[in-house]
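Contents: one structure, followed by commentary.
For this chain, numbers begin at 1 and follow the sequence in order.
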Amino acid sequence: MTNVLIIGAGCSGFTTAKRLKEEGIAFDWFEMSDRIGGNWAYGNPNGRSAAYASLHIDTSKFRLQFEDFPCPTDWPDFPHHSLIDGYFNAYVDHFGLRPLIRFHSEVKRVWQEGTDWFAEVEAAGTTQRHGPYSHVVIANGHHWSPNVPEIPGSFSGVEMHARDYRTPFDPVDLRGKTVVVVGLGNTAVDIASELGQRSLGTRLIVSARRGVWVLPKYFNGKPSDKTPLPAWMPGWLKRRLAQGAVRRAVGNMEDYGLPRPDHKPLEAHPTVSSEFLLRCGNGDIEVKPNVTGKEGDQLLFADGSREKVDALIYATGYRLSFPFLSPEDAPVTANHLPLFKRMVQPDPRLQGLWFMGLAQPLPTLVNFAEQQSKLFAALLTGRYALPEPAEMQRILEADEATHKGHYYASQRHTIQVDFDLYCHDLKAEIAAGARRVPAQRAA
Ligand SMILES: Cc1cc2nc3c(=O)[nH]c(=O)nc-3n(C[C@H](O)[C@H](O)[C@H](O)COP(=O)(O)OP(=O)(O)OC[C@H]3O[C@@H](n4cnc5c(N)ncnc54)[C@H](O)[C@@H]3O)c2cc1C
């Protein structure tokens, strides 16, 4: 029996659904919101979109487009979130997916009885049991559950996570205020660059625990991700070439008043901004070390300084979260869930659970599940067989060493993937799995 449940209608969910539909595979598909698009649906009533009004995607249009639905040729290189949302909606309609989605339907619980999976879904005030399913596609996103550092003391000003930031006036009017943005990731540098605009009268401080390399969005006038180095090139060589290019383009971070990174370029998930370094160099943004304490309207910093502050914005990332799964079925440790080909656990009992888009691929996550779903669809249609569990575990560990071995150890880097290398390997794995089919059938 093949009957599939899909959770979520963001780009990971809808590209997987499209492939299953084309393969004639039956599925139930639940989406908690009233719309598709997940994170890219600005103001999504599910309360989980972290898109701010000024957000432009950091991935160029050349790399984010779906393989059989190119993005419009008249797009700018780094489209605004509203264009991405429009593109997603056009895709869903073009492939006739919208009628297949049950909106306003939140999957509350997924569990196993025997070898079958079941789900409890809350819709229109009632809870219903659905199933049995042979496979569950988990595409609930991993940029919605805020990671907030614990800082001793209490603060009388505004505290918020970047997920809830929309504009300098929404949800809180920050004009003329002293604001501390914690972090130096992509969202931190975007929000700091926006709030550091002199016209807002804001005093903007960025607090950073460690230095990062801030990469430009363009190299020599071209989007920096537009021309990837070939997948066959060894990772160390690619990195060495890219590191040289980064250093030539941006020089030393200390020259902009930023902390010196304790790692080389590309040994951390890249922070990309063509604006932030200029704002630091202009003196529009001040930089301070870690916030170590809160005392009424003041924040204490690791260098012993203190500042009277009106608002504290945590741009400190997200945690993996699967509220509908038991910890036994999704054993996340230190923000890490090890998965074979970043999709499925080697434990045979759990091989019905498929995690789509649960990766931090460079340069993009937008069309990543579109690629992953090729292997999943091949499995469902009998054209692919998984390796034995011990072999899955061995490949998983080797893949993790390849994809993230060069990143510094951090809960930020548990699911890093090199997109091009991943696709290259995925093709080989699908071919290897096809060769396993006759043996597994015979067994
Ligand atoms: C500020 C920001 C900037 C980003 N910039 C980039 C970028 O430049 N490039 C890039 O590639 N990626 C970027 N990302 C990553 C982004 O997460 C992905 O691009 C993309 O949104 C992932 O799609 P998804 O379908 O996996 O998850 P989501 O977009 O989060 O969609 C998940 C869907 O599942 C639904 N859902 C969740 N739980 C349930 C449930 N229990 N029941 C039913 N439905 C459920 C949600 O309502 C949602 O519709 C960025 C993320 C953030 C936060």
Kindly state each residue pair satisfying salt bridge (charged side-chain N to carboxylate O under 4.0 Å, His left out) with at least one member in residues 143-169, sequence neighbours excluded. Glu159-Lys294
Could I get the full list of salt bridge (charged side-chain N to carboxylate O under 4.0 Å, His left out) partners for Asp310, not counting sequence neighbours? none
Side chain to side chain donor-acceptor pair (under 3.5 Å) contacts in which one or both residues fall within residues 244-255, not counting sequence neighbours: Glu254-Arg260
How many angstroms lie between OG in Ser207 and CD1 in Ile313, if you round to the nearest 0.5 Å? 12.5 Å
Shortest non-hydrogen contact from Gln65 to Pro70? OE1-CA, 3.4 Å
Residues forming a ring-ring contact (aromatic ring centres under 6.0 Å, His included) with Phe62, sequence neighbours excluded: none
Steps toward side chain to side chain contact (heavy atoms under 4.5 Å, CB included) verdict (Val417, Phe368): CA-CA 10 Å; Val417 168; Phe368 188 68; 4.0 Å; yes
Distance, nearest 0.5 Å, that separates CG of Asp34 from CD1 of Ile101: 11.5 Å
Which atom names give the shortest non-hydrogen contact between Pro168 and Glu194, and what distance separates them? CD-OE2, 3.4 Å
Once salt bridge (charged side-chain N to carboxylate O under 4.0 Å, His left out) is applied, do any residues pair with Asp58, and if so which ones, sequence neighbours excluded? Lys217
Just wondering, do Phe103 and Arg98 contact through their side chains at under 4.5 Å, heavy atoms? yes
Work out which heavy atom in Cys71 is nearest to a heavy atom in Lys61; give both atom names and the distance. SG-O, 3.4 Å
Heavy-atom check, side chain of Pro346 versus side chain of Leu396, under 4.5 Å: yes
OG1/Thr178 to NZ/Lys308 distance, rounded to the nearest 0.5 angstrom? 7.5 Å
Roughly how far, to the nearest 0.5 Å, is the CD1 atom of Ile430 from the CG atom of Leu375? 5.0 Å
Does any part of the side chain of Ser60, heavy atoms only, come nearer than 4.5 Å to the side chain of Phe78, both counted from C-beta? yes
Does Val246 form a side chain to side chain contact (heavy atoms under 4.5 Å, CB included) with Phe219? I'd like the steps, not just the answer. CA-CA 9 Å; Val246 170; Phe219 279 102; 4.1 Å; yes
Enumerate the residue pairs fulfilling salt bridge (charged side-chain N to carboxylate O under 4.0 Å, His left out) with a member in residues 62-79, sequence neighbours excluded, ordered by first and then second residue. Lys18-Asp68, Arg19-Glu67, Arg63-Asp420, Glu67-Lys374
Taking all heavy atoms of Gly183 and all of Val206, pick out the closest pair and write down the distance. O-CG1, 3.6 Å
Kindly determine whether Asn367 and Phe419 satisfy side chain to side chain contact (heavy atoms under 4.5 Å, CB included), including the steps that lead there. CA-CA 10 Å; Asn367 50 13; Phe419 190 105; 3.3 Å; yes
Suppose we screen for ring-ring contact (aromatic ring centres under 6.0 Å, His included). Which residues come up paired with Tyr165, at least two apart in sequence or across chains? none
Which distance, rounded to the nearest 0.5 Å, do you find between the OG of Ser12 and the CD of Gln372? 7.0 Å
Under the ring-ring contact (aromatic ring centres under 6.0 Å, His included) test, residues paired with Phe322 that sit two or more places apart: Phe355
Do side-chain atoms of Glu31 reach the backbone of Ser33 as a donor and acceptor pair under 3.5 angstrom? yes
Given Leu266 and Lys264, is the side chain to side chain contact (heavy atoms under 4.5 Å, CB included) satisfied, shown in steps? CA-CA 6 Å; Leu266 307 175; Lys264 293 184 189 149; over 6 Å; no
Can you find a side-chain donor-acceptor pair between Lys288 and Ser305 that sits under 3.5 Å? yes
Min side-chain heavy-atom separation Ile7-Val110 under 4.5 Å: yes
Could you list all the side chain to side chain donor-acceptor pair (under 3.5 Å) pairs where at least one residue sits in residues 335-351, not counting sequence neighbours? Gln112-Arg349, Asp329-Arg349, His336-Glu400, Lys341-Asp399
Arg319 meets the salt bridge (charged side-chain N to carboxylate O under 4.0 Å, His left out) criterion, sequence neighbours left out, with none
State the NE2-OH distance between His81 and Tyr52, to the nearest 0.5 angstrom. 9.5 Å
Would you find a donor on one side and an acceptor on the other, under 3.5 Å apart, between the side chain of Gln243 and the backbone of Pro265? yes
Of the non-hydrogen atoms in Pro270 and Leu362, which two are nearest, and what is the gap between them? CD-CD1, 3.5 Å
Verify, without hydrogens or angle tests, whether Asp297 (side chain) and Ser156 (backbone) share a donor-acceptor contact under 3.5 angstrom. no
Below 30° counts as parallel, above 60° as perpendicular, anything between as tilted: where do the rings of His135 and Trp354 land? tilted
Identify, with sequence neighbours excluded, every residue that meets salt bridge (charged side-chain N to carboxylate O under 4.0 Å, His left out) alongside Glu328. none
Residues in ring-ring contact (aromatic ring centres under 6.0 Å, His included) contact with Phe340, at least two apart in sequence or another chain: none
Please confirm whether His161 and Tyr318 have ring centers closer than 6.0 angstrom. yes
Side chains of Asp225 and Thr364 in contact at under 4.5 Å (non-hydrogen atoms): no
Ignoring hydrogens, what is the shortest heavy-atom contact between Ser49 and Asn39? Give both atom names and the distance. OG-O, 2.7 Å
May I ask you to decide if the ring planes of Phe88 and Phe14 are parallel, tilted or perpendicular, using 30° and 60° as cut-offs? perpendicular
Less than 6.0 Å separating the ring centroids of Trp40 and Tyr87? no
Hey, are Asn46 and Arg35 close enough side-chain-wise for a donor-acceptor pair under 3.5 Å? no
Just wondering, do Val250 and Pro216 contact through their side chains at under 4.5 Å, heavy atoms? yes
